[in-house]
Number of protein chains: 2
Amino acid sequence: MSHLINISEAASLALHGLAIVAKKSPDKVNAKYLAEKLNASEAHLAKIFQRLSKNGLIKSFRGPTGGFVLNKPAEEISFLDIYEIVESKVILNDCPLDKAGCTFDNCIFGDALKSISQSIYQTFKNIKLSKFIE
Amino acid sequence: MSHLINISEAASLALHGLAIVAKKSPDKVNAKYLAEKLNASEAHLAKIFQRLSKNGLIKSFRGPTGGFVLNKPAEEISFLDIYEIVESKVILNDCPLDKAGCTFDNCIFGDALKSISQSIYQTFKNIKLSKFIE
DNA sequence: TCTATTTTGGTATTTAAGTACCAGAATTAA
DNA sequence: TTAATTCTGGTACTTAAATACCAAAATAGA
């Protein structure tokens, strides 16, 4: 069973975890709590949140009462931001042969994949953390 | 650099290779020729075409003058067919947490990804090998 | 029948992602 | 100052996908 859209479990955990952090704001939320809530291993989740912290999306605090809080307003954090931190920068041309030097004159996929990529990109950009606060 | 749509190099090679086979029809085309044309390793390409053959998309012939030909009209072979043979059956829900038991009540991605998946699915279905014969 | 050619299929290697472990540094509260 | 808690960061393990290798089987033509 293969997914058509590329979303790793790590990126998904990051989004779901940050949604919890946003909802609990301004309280701090620690990795143990998040891992439990998401049925994920604490080690794995901690690693992911380390990257989010290093990239300025969240602030982290050590020691008892430590944990994570957002580092900017929830409206200003999109799933695209999260995705590009956890996976890597997005590329909007989806033919895998293109980079390795395709031998066809014109891309065999035409424009179809490029425009879908762009719509996925926009969708990712429009999913904001603020959506998960009520 | 990460692609938003999931297309392995193998699936892409299969499509590009089959396009060549379709164009050369009714002549047979062998793996060596295809590998050269596509800048791919012959071993890798042969493996991919083995699967296409086993799944009835192409017919294969051994020995000198051997090679591959389509096993059905080019109009009846879509990129979706190829994709599902090379990758695996497509799943149209793209949240990776869904299968592992998401702990959120409603999918955090809403319907957005599902509808994009469907549009990718349709696009894959509409790309027919006959498009590459002129 | 013999040789060269081509697919076949089993296996092995490589690569990347996901996951887990653990000691160290920082912080809080007693 | 001590003990408990929490993030940090380096490393190691596991798993799956991608890719490569090679001997065996089949075939065509001489």
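Here is how names work: the chains are called A, B, and so on, in the same order as the sequence lines, proteins then strands, and each is numbered from 1. Computed from heavy atoms alone, side chains included, the values below leave out hydrogens, waters and symmetry copies.
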Please determine, for the side chain of [X], which listed nucleotide ([options]) has the closest atom?
X: Asn30(B); options: dT6(C), dT8(C), dT19(C); answer: dT6(C)
X: Pro64(A); options: dG9(D), dT28(C), dT8(C); answer: dT28(C)
X: Ser60(B); options: dG18(C), dT6(C), dT8(C); answer: dT8(C)
X: Arg62(B); options: dA20(C), dT19(C), dA26(D); answer: dA26(D)

> OP1 or OP2 of dA20(C) sitting under 4.0 Å from any side-chain N/O of Ser41(A)?
Replying inline: yes

> With a non-hydrogen cut-off below 4.0 angstrom, is Phe49(B) in contact with a base, only sugar-phosphate, or nothing?
Replying inline: nothing

> Counting any heavy atom closer than 4.0 Å, what does Lys54(B) reach on the DNA or RNA strands: base, sugar-phosphate only, or nothing?
Replying inline: sugar-phosphate

> Quick one: are the ring centres of Phe68(B) and Phe61(B) less than 6.0 Å apart?
Replying inline: no

>> On DNA chain D, compare the nucleotides closest to Ala43(B) and Val86(B); which residue's is nearer the 5' end?
In response: Val86(B)

>> Please compare His44(A) and Ala46(B) by the position of their nearest nucleotide in DNA chain C and report the one closer to 5'.
In response: Ala46(B)

> Can you check whether Gly56(A)'s main-chain N or O pairs, donor with acceptor, with Asn71(A)'s side chain at less than 3.5 Å?
Replying inline: yes

> Less than 3.5 Å between a donor and an acceptor, one on the side chain of Lys47(B) and one on the base of dG10(C), is that the case here?
Replying inline: yes

> Does a side-chain heavy-atom distance below 4.5 Å link Leu80(A) with Ile82(A)?
Replying inline: no

>> Quick one, Leu4(B) and Ser2(B) - any side-chain contact, counting heavy atoms below 4.5 Å?
In response: no

